Amino acid sequence: MFDLQSLLRENIRTIKPYSSARDEYTGAEGIFLDANENPTGSVCEGEFNRYPDPLQRELKVRLGEVKGVVPEKIFLGNGSDEGIDLLFRAFCRPGVDNVITMPPTYGMYQVCADINDVEVRTVSLTPDFQIDVEGVLAAVDQNTKAIFVCSPNNPTGNSLADADIERLLKEFNGIVVVDEAYIDFSNEVSFVRRLEEFPNLLVLQTFSKAWGMAALRLGMAFGSEELIAVFNRIKYPYNVNILTQEKGLEALQNVLKKEMMVQDILFEREMLTDALSKLESCEKIYPSDANFILAKFKVDATALYNQLVEHKIIVRNRNSVTLCEGCLRITIGTAEENKALLEAIKELQAVVG
Ligand code: PMP
């Protein structure tokens, strides 16, 4: 039986959270002399002298409508990276507990673990970039608190099989984090729909990719009310600033625009995949469900990467990553940017080849 309370660190289970002034009184009207703000206004243009809603209530109500989730099951943070960090701080005892990741995958799981002095057990994806379910379950011990599943996976771009994720959710008694940062670019159904089924599920999504709002830093985490309540107890009081809350609301009034941008990026992904795979220097392009592709080259990928940098075209060199030898991860740009990339590679393949 999954029991969230017994999984928590003792100090977190018993913590008395900081109670901010705006937690206690939520009315919009009144004379606010409770938060040591400047009553006269802001030095910069705009009205920024008051602290924002610590729980982003309005934004969560609207987001909940779009996602089909009640606000109590939503956590919003300073990017989805905040959710990753909170997970470590809530559940993992430094120097004692461990988590499992499946490389090649997103680097912040390891970084957050290192910051929190938590062991990372790595169980590589299979050569076709799927979950080695038996391997992962065999790596679990009584101190394993979380398994990180990134789907679509960064940097490989593919989605992981639902049936494998389901098995982890059913057979592992800790938290299964399903990081869906790139889900809008895929045809897969989000695990957000399955929160009722799995009390140990935490789904991460972000406004940084499909919504085109990376600079605003707005990340989402969806989980049981009990789990989200833990995150709300330990987060910084005003973790999402007012501009971000306002722009988040604005974006949610225009879901269609996000979908149109996604369609454009998917079209460009096809064009770029097709053009790159015809190049002499390109060995293969892995199928992608994301807004980037993993391209394997016959030529020295690091040399190619360096030459591209000289042309002021920056991609991600994954040559030294296990299972990604010879690979560059390339974000889908605009039609012009992709054309410039292709021309540069054509010009360079003679040099680095
Ligand atoms: N998860 C994955 C898989 C990512 O690739 C990224 C960003 N590169 C993030 C999470 C973090 O996104 P953000 O903090 O911008 O929401």
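FYI, side chains are in, hydrogens and waters are out, and symmetry mates aren't considered; it's all heavy atoms of this structure. None of the values given here were measured: they were computed from a predicted structure. Nothing fancy with the numbering, it's 1 onward along the sequence. As the structure lists them, so they are numbered: ligands from 1, and atoms in each ligand from 1.
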Q | Donor-acceptor pair between Asp97 and Thr144 side chains, under 3.5 angstrom | A | no

Q. What pairs of residues pass the salt bridge (Lys or Arg N to Asp or Glu O under 4.0 Å) test when at least one of them lies in residues 72-83, not counting sequence neighbours?
A. Lys73-Glu196

Q. According to the interplanar angle, ranging from 0 to 90°, do the rings of Phe292 and Tyr182 count as parallel (below 30°), tilted (30 to 60°) or perpendicular (above 60°)?
A. perpendicular

**Q.** Set of residues that line ligand 1, where lining means a heavy atom lies under 4.0 Å from it
**A.** Gly79, Ser80, Asp81, Tyr106, Cys150, Asn154, Asp179, Ala181, Tyr182, Thr206, Ser208, Lys209, Arg217

Q) Phe148 vs Tyr109 aromatic rings, parallel, tilted or perpendicular, using cut-offs 30° and 60°? A) parallel

Q: Locate the shortest heavy-atom distance separating Gly326 from Asn319; write the atom from each residue and the value.
A: N-OD1, 2.7 Å

Q: Run the salt-bridge test on Arg121 and Glu119 with the 4.0 Å N-O cut-off and return the result as yes or no.
A: yes

